[in-house]
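A, B, ... follow the sequence lines: proteins, then strands. Residue 1 opens every chain. Values below: every heavy atom of this structure, side chains too, minus hydrogens, waters and symmetry copies.
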Amino acid sequence: MSALLDAPPFAPRDDAAFLAEANALSAIHLAGSADYRAIWPELAISGARAATAAELPWLHVGVFKRLRLRTEAPGVKHQRVLLSSATTSGTSSQVALDEHSGRLQARSSQAILEDFVGPGRRPLIVLDDAAALRRRGEVSARVAAALSLVPLASTTTFALDGDQAAPRWDRIALALADADAALVYGFTWALWQSWARAERPDHVGALLRARRIHFVHSGGWKKLEAAAVDRDTFDRALLDDAGPGSRVCDFYGLVEQNGVIFPLCEHGARHVPRWAEVIVRDPWTLAPLPPGHTGLLQLINVLAHGAPYHSVLTEDLGELLDGACGCGRAGPRFTLRGRVPQAELRGCAVV
Amino acid sequence: MSDRTPTPTEIAEAWHGLRPAMIRERPPELSRDEWAYLIQFVDTSCLRGFIGPGRGRERVTLVLPGNVSLLGPLLMIVATLSARVIRVKLSSRSDDVVEPVLAFARRHGGPRLREVLAGVESARLTRDDPRLAAWLADADVRVAFGTDAAMAAIAQAPHRASSRFLGFGDMTSEAWLAPDASDDVIDTLIKVFAIYGAQGCTSPRRAVVLDGTPSDLRTLRSRLCARWPSVIRTPVPMHLASQNLLHAQLARHAGFDVALAPGHAAVLAKLTKLTPSPEEEGTVSTLSTLAQGPLTMTMAAAALDDAVAALPPNIQTIGLGFSADGAARARAALRGSPARRVVELARMHHFEPVWDGHHLPAVFFDA
Ligand SMILES: [Zn+2]
C-alpha cells in the first residue's frame with residue numbers, strides 16, 4: 001500500500017517517503033523476479049538501497065517488448081497482460097498487471113484526472129469499440145487508458161463500432177440526455193477524425209453546446225502533424241461545439257507506467273504526482289540533467305508490484321521546468337520534447 | 001565520346017579520375033570513413049585486381065538490401081568494369097548509399113565514366129516487382145545480399161542457363177587478438193567495429209583473446225573502454241546510445257558480463273568461456289537475436305584450437321591482431337576451417353577480388 005496516495009497528487013511532496021517506498025519496491029522485484037536479478041546482478045547481491053531517486057535501478061522501455069517480466073511476491077495476484085499498441089517494429093510492450101497494483105493505479109489515475117477535470121461522476125463517452133475489451137488475458141493500451149477514466153464515470157458508452165470512423169451519435173445522444181457534463185475520451189487522432197471533423201446531427205450539437213464537456217486525449221501527435229493540425233486548431237475544433245466551461249485535456253502516459261498519467265496543465269507543464277518521480281538523463285552518460293536541458297525521460301512510481309515497471313527509462317525526450325508553476329500545483333514538472341529519432345545502422349544481410 | 005567500347009582498364013582509369021573530386025567533396029549520406037575507403041578503392045591499382053582475362057559478362061543485376069553497407073557501391077563499381085548493362089534493385093526503404101555514389105559519379109565523372117554509368121539503372125523495388133523478375137531473367141551475373149531464404153528465392157527466380165549467381169548471405173566475422181595486443185591493435189579493433197557495429201558481414205561481432213586468461217579479457221575490455229573516446233571522436237547518435245542501454249540490459253539478462261563503452265558507444269559483452277558447457281548451451285553460448293544489438297561486441301578468451309572449433313559455419317572473415325609469429329600460427333590453425341577470409345585486423349572490411357570464397361574476376365569475366 002502506498003501512503004503517498006492518501007494526499008492529493010500535487011500536494012507538497014515527501015521525498016524521503018517516496019524513496020523508501022521505491023527502494024522497498026525494487027527489493028520486492030529483485031527478490032521475486034529472476035529476470036530482474038539477471039539484469040541488476042550487483043544489486044541482487046549487495047541489496048544496496050538507493051540514496052536518491054536517480055540511483056534507483058531501472059529498465060529500458062525496450063525490455064518490455066522482448067521479455068515478459070513477472071514478479072512473484074506474497075500478495076501479488078497476477079491478472080491480465082497489458083499490451084501497448086505495436087510500434088513500427090511490430091512488437092508491443094507487455095506489462096503484467098496484478099490486483100493490488102490495479103487498485104493503486106486506479107486510485108492514482110482517478111486522483112490525477114479529478115485534479116484536472118474536477119470531482120463528480122458524469123457520463124463517459126469513449127471513442128473506441130467495446131469489442132476491444134473482450135480479448136481474453138490481454139488488455140490494450142487504448143482500452144487501459146479509457147478504463148482509467150471509468151472511476152469518474154456515471155455511465156460508460158463506447159461510441160465506435162468496428163473500424164468505422166463515424167461515431168454512433170444515437171448512443172452519444174442517449175448518454176448525454178440527463179447530464180449537465182460529460183467526459184469524452186479518445187486517442188488524439190481518433191478525437192480529431194471521429195469527433196472534431198465528423199458530421200454531427202444538429203440535435204447532438206445542441207446537446208453538446210448545453211453541456212460542460214471535458215475532452216481527454218492521449219497518444220501521439222504524429223498523424224496530426226502530418227495533417228498540419230496544431231494544438232490550437234485541435235482544441236478549438238473540439239470546443240466549438242461544446243458548452244461553457246468545457247476543456248481539452250491532453251495526457252501523456254506509458255503502458256509501462258500504468259496508472260500514472262501526466263495531463264498538460266493550463267501553463268503547458270506536465271506535473272509529477274507525489275507517488276511518482278521524473279528524471280531527465282543525458283543519453284550518452286545517463287547523468288541526471290538539471291531543468292532546461294533535454295534528455296531521456298526516466299519515469300518512476302511506487303504503484304507497480306506485478307512486474308518491475310516501477311522505474312523505466314523511456315525513449316521519450318523531455319526537459320524539467322524550473323521554478324513554480326502558474327497553475328499552483330507543487331512538485332517537479334516537465335515538458336515533452338519528442339522522441340529519440342530512429343535510424344538504422346548499415347549492414348549486409350537485411351532485405 | 002568514342003565509337004568503340006572502352007576496355008576494363010580504361011574504365012578503371014575513368015573511376016580513378018574521379019578521385020580529385022572525391023577528395024574535395026563528400027556526399028552527406030556516406031560517413032568520412034566510408035568515403036575515404038571508396039577513394040582508395042577506385043584507385044586503378046586496386047580496381048585492376050578485379051579485372052579478369054577474357055570478355056566481360058554484359059548484363060549484371062544487383063539485388064541490395066535497404067541498409068546495405070559500402071559493399072553495395074563497391075560491387076556496383078566492380079560490375080561496371082565488365083558489364084554494359086547494370087541494374088541495381090534497391091530496397092523500397094530509404095537510407096541507401098548506392099544512389100548517392102552514382103549521383104556523385106555522374107555529376108563529377110569525366111565523359112568516359114558518364115558513358116559507362118549511362119548503362120546503370122537503379123530503382124527502389126519490392127522483391128515481387130515484375131521489373132526485378134525481368135532484370136534477373138536476362139542477367140549474365142546476378143548478385144544478391146540477404147537472408148539465406150531471400151537469396152534462395154532470388155537464385156531460383158527464372159534466369160538464363162549460363163547466368164552466374166553470387167550470393168552474400170548472413171555472415172559473421174571475428175577479431176582474434178593476442179593477450180598483449182598493442183595500443184595500435186586495440187585502436188584498430190575499435191575503428192573496424194565502430195563503422196558498422198555488428199551489422200556488417202565483415203564486422204567483428206566477436207573478439208577472441210587467443211590463449212588469454214579471464215583477466216586478459218577483463219584487461220582487453222578496460223583498454224577498449226579507455227581508448228574508445230580518443231579513437232572515435234564523434235558521439236554515437238542518440239538513438240544508438242539509447243539502444244545500447246537496452247542491449248546492455250538484454251545481454252546481461254542472457255548471462256553476459258556487460259560493460260558499455262564511454263558515451264554508450266558500444267556494448268561489450270564478456271563470455272566466461274567460448275565453448276559453454278552443455279547445460280549452458282543456448283543460454284550464454286551465443287547472443288541470441290533477442291539480445292544482440294547492432295553495436296554489441298561479444299568477447300571471449302580461448303585456446304587457439306578451441307577458437308577454431310567454435311567458429312560458426314557462416315564465418316566470413318577473421319581479422320588477426322598479432323605479431324608476425326602469432327599471425328602465422330593462427331593462419332596455420334585456420335587452414336581447412338570454414339573461415340572464408342583471414343586478414344589483418346585493419347583489412348577486415350577491405351573488399352578484395354576473392355570474396356566469400358568467390359573469385360570475382362572469374363565471375364564477372366569469361367576466360
Ligand atoms: Zn502547471
Side-chain angles (χ1 to χ4, degrees), chain A residues 33-45 57-69 87-89 91 93 256 280-287 289 294-298 308 311-318 337-351, chain B residues 31 34 63-72 91 93 95-97 127 144-151 154 168-171 195-203 235-243 245-250 252-255 257 260 262-265 290-291 294-295 316:
Chain A
S33 164
D35 293 319
Y36 199 51
R37 280 198 299 279
I39 293 171
W40 288 96
E42 63 280 16
L43 287 184
I45 294 163
W58 45 269
L59 289 178
H60 190 282
V61 68
V63 169
F64 295 92
K65 290 195 171 74
R66 307 244 196 344
L67 305 175
R68 188 175 268 211
L69 300 164
T87 53
T88 38
S89 64
T91 42
S93 288
E256 298 85 354
V280 173
R281 292 190 184 271
D282 180 306
W284 294 280
T285 64
L286 283 187
L289 296 174
T294 298
L296 299 173
L297 282 179
Q298 181 189 345
S311 172
V312 176
L313 183 70
T314 74
E315 294 207 298
D316 294 320
L317 297 172
R337 292 275 184 246
R339 286 179 56 77
V340 171
Q342 296 296 316
E344 220 178 341
L345 209 63
R346 284 177 201 139
C348 296
V350 193
V351 176
Chain B
S31 72
E34 289 173 320
V63 184
L64 302 180
N67 61 339
V68 73
S69 65
L70 210 47
L71 267 180
S91 147
R93 295 183 316 200
D95 195 26
D96 149 72
V97 284
R127 252 186 286 162
F145 289 78
T147 58
D148 292 348
M151 278 202 314
I154 293 164
F168 298 100
D170 187 9
M171 304 297 278
I195 182 165
Y196 298 122
Q199 298 294 88
C201 19
T202 49
S203 299
V236 288
M238 189 195 290
H239 71 279
L240 289 176
S242 168
Q243 284 298 297
L245 289 165
L246 166 64
H247 287 287
Q249 293 202 321
L250 292 173
R252 244 172 229 136
H253 181 261
D257 172 345
L260 280 154
H264 305 153
L290 185 90
L295 284 167
Q316 220 281 2

Within the structure provided, determine whether [X] and [Y] are in side-chain contact (heavy-atom separation under 4.5 Å).
| X | Y | value |
| --- | --- | --- |
| A/Arg339 | B/His239 | no |
| A/Leu317 | B/Met238 | yes |
| B/Arg252 | A/Pro41 | yes |

Exercise. Does the pair B/His264 and A/Leu286 meet the rule for a side chain to side chain contact (heavy atoms under 4.5 Å, CB included), with working shown?
Worked result: CA-CA 9 Å; B/His264 305 153; A/Leu286 283 187; 3.6 Å; yes
Exercise. Among A/Trp58, A/Trp40, A/Tyr36, who wins on heavy-atom pairs under 4.5 Å with chain B?
Worked result: A/Trp58
Problem set entry | Any donor-acceptor pair under 3.5 Å from B/Gln249 side chain to A/His60 backbone | yes
Exercise. A/Leu59 versus chain B, heavy atoms under 4.5 Å apart: side chain, backbone, both or neither?
Worked result: both
Seminar exercise, completed: Here the pair of heavy atoms bringing B/Ala241 nearest to A/Pro283 is CB-O, 3.5 Å
For this session: Let me see the working for A/Glu315 and B/Leu246 under side chain to side chain contact (heavy atoms under 4.5 Å, CB included), right down to the final yes or no.
Result: CA-CA 10 Å; A/Glu315 294 207 298; B/Leu246 166 64; over 6 Å; no
For this session: Working to the nearest 0.5 Å, report the span between CH2 of A/Trp284 and CG of B/Leu240.
Result: 10.5 Å
